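Reading through the structure tokens given below for one structure.
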Amino acid sequence: MPSWIGAVILPLSGLLLSLPAGADVKARSCGEVRQAYGAKGFSLADIPYQEIAGEHLRICPQEYTCCTTEMEDKLSQQSKLEFENLVEETSHFVRTTFVSRHKKFDEFFRELLENAEKSLNDMFVRTYGMLYMQNSEVFQDLFTELKRYYTGGNVNLEEMLNDFWARLLERMFQLINPQYHFSEDYLECVSKYTDQLKPFGDVPRKLKIQVTRAFIAARTFVQGLTVGREVANRVSKVSPTPGCIRALMKMLYCPYCRGLPTVRPCNNYCLNVMKGCLANQADLDTEWNLFIDAMLLVAERLEGPFNIESVMDPIDVKISEAIMNMQENSMQVSAKVFQGCGQPKPAPALRSARSAPENFNTRFRPYNPEERPTTAAGTSLDRLVTDIKEKLKLSKKVWSALPYTICKDESVTAGTSNEEECWNGHSKARYLPEIMNDGLTNQINNPEVDVDITRPDTFIRQQIMALRVMTNKLKNAYNGNDVNFQDTSDESSGSGSGSGCMDDVCPTEFEFVTTEAPAVDPDRREVDSSATQLGHSLLSGSLVCVVLALPRLCR
């Protein structure tokens, strides 16, 4: 018998390959494969000591092999798990960015509100004493509603602020007219004169613009961080299709079956597999990038004209300034109210009310910025937003970059510098097919993954829609217009409150049909010098509430 037989014909995926007969006679050892397989935690009972015929294989080349059917099944499942972990690990940065920055921004905002409320309470107790404490629920309700708005409550900011000033006018009106008795109906009539008489000067108008636009931007921004966090968490948990799992097994573990456990996939081969497996994730990229751009624009607003910190820090001084204006105009306001609502009835047995000391004139201490907390949550808004902006920029194009990031991992592929000594899906050799473009439609001719381009992943499409909705809300917030987060039925129109900008202050980069916004006050960080030296008291007599039994005040 001659030393060489012509050839032994073996089937391989419909092709005929000829191998020397010596490969039959002396099968190669599976020792190296056994060692690598055992290191994965699998039982060595599954694996032969020497290569066996591979007709039983369903994914790997049906040549002489170290893989049994059980091995191919287990390694196929292993490749699926490793792929899922790779995607989760690769997207770790973007997920932790949104989780940590959402937590920090939320902590900052809540502490900012608490600091502002505490500062107002301390100042008013010090200045007005019992009179403030007996009326403090008006101010407490203001902060309660601001917090409720921030956390997503169905609060119309403009209406809520109007109601605050109307309630404050009712209380003040009783205090400056203690000789009269006012019924509930009469006080309701008084509140209707808030806009007409402007008893608090221009403070309510300015504060309304500043508070609404700053709160709209802050709430929308933190909502955007929430949506980004949820989308990133959901998309990073992939469920590979059967076609993807086959391709992953062929790329990652068919080298085991061929007796080449140390040979890693070619870089371009890995890219085609990953682009096929992550085609739907890549389609998320366009909407994700638009979302990030919108977040960055709102962040710029928070650093500039919509700075919530510059609004909330001096809010106590601003409200005190309004109260001073009311005191100075008390006689004119009362006269006009009496003219419009009628002459009130005298308060029985209280006609000597004016005997209360007229010289009560406790002054505010001069405003000292050092007495205020300089930061909330250990940072300032500018520092916090700058940090968030830097991280957001790094998260752009993250989903289309997933295949490249994964295939760049040295533990996954042989790298770009080793294109001859890598696994190409059939043997240790150069990978020749071209690299596919990103996205689902470009996978129609993917040589490695069977992708049905006619059936987009509905789960990914839901995330795309969530991003699109959030992006529209961010664009509205950029223009100073509010959108009710609980009502997404009509994304083209704003609902709730809105405070926008004049073109020269806040240039409009997005065109949306939204609630009309009042003109902006250019002095956004202004704290009038007069407000720092307020010297008027809440009323002319310090003992009015002690002496007078006003039904709505001295309960």
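Just so we're clear, the structure is a prediction, and the values are computed from it rather than from any experiment.
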Requested in this report: Spell out, as yes or no, whether a donor-acceptor pair under 3.5 Å connects the side chain of Asn329 to the backbone of Gln332.
Outcome: no
With [X] via side chain to side chain donor-acceptor pair (under 3.5 Å) - residues at least two apart:
X      : answer
Thr90  : none
Asn442 : none
Lys396 : Asp293

Contacts of type ring-ring contact (aromatic ring centres under 6.0 Å, His included), residue [X], not counting sequence neighbours:
X      : answer
Tyr186 : Phe182
Phe459 : none
Trp399 : Trp288

Does anything in [range] form a disulfide bond (SG atoms under 2.5 Å apart)? List the pairs, not counting sequence neighbours.
range            : value
residues 137-177 : none
residues 142-234 : Cys189-Cys341
residues 118-173 : none

**Report entry** Thr386: side chain to side chain contact (heavy atoms under 4.5 Å, CB included) partners, not counting sequence neighbours
**Finding:**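 Residues passing side chain to side chain contact (heavy atoms under 4.5 Å, CB included) with Thr386: Glu303, Glu390.
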Query raised in the report: Could you give all pairs that pass the salt bridge (Lys or Arg N to Asp or Glu O under 4.0 Å) test and reach residues 89-102, with sequence neighbours left out?
Result: Arg101-Asp387
Report task. Enumerate the residue pairs fulfilling salt bridge (Lys or Arg N to Asp or Glu O under 4.0 Å) with a member in residues 456-465, sequence neighbours excluded, ordered by first and then second residue. Result -> Asp283-Arg461
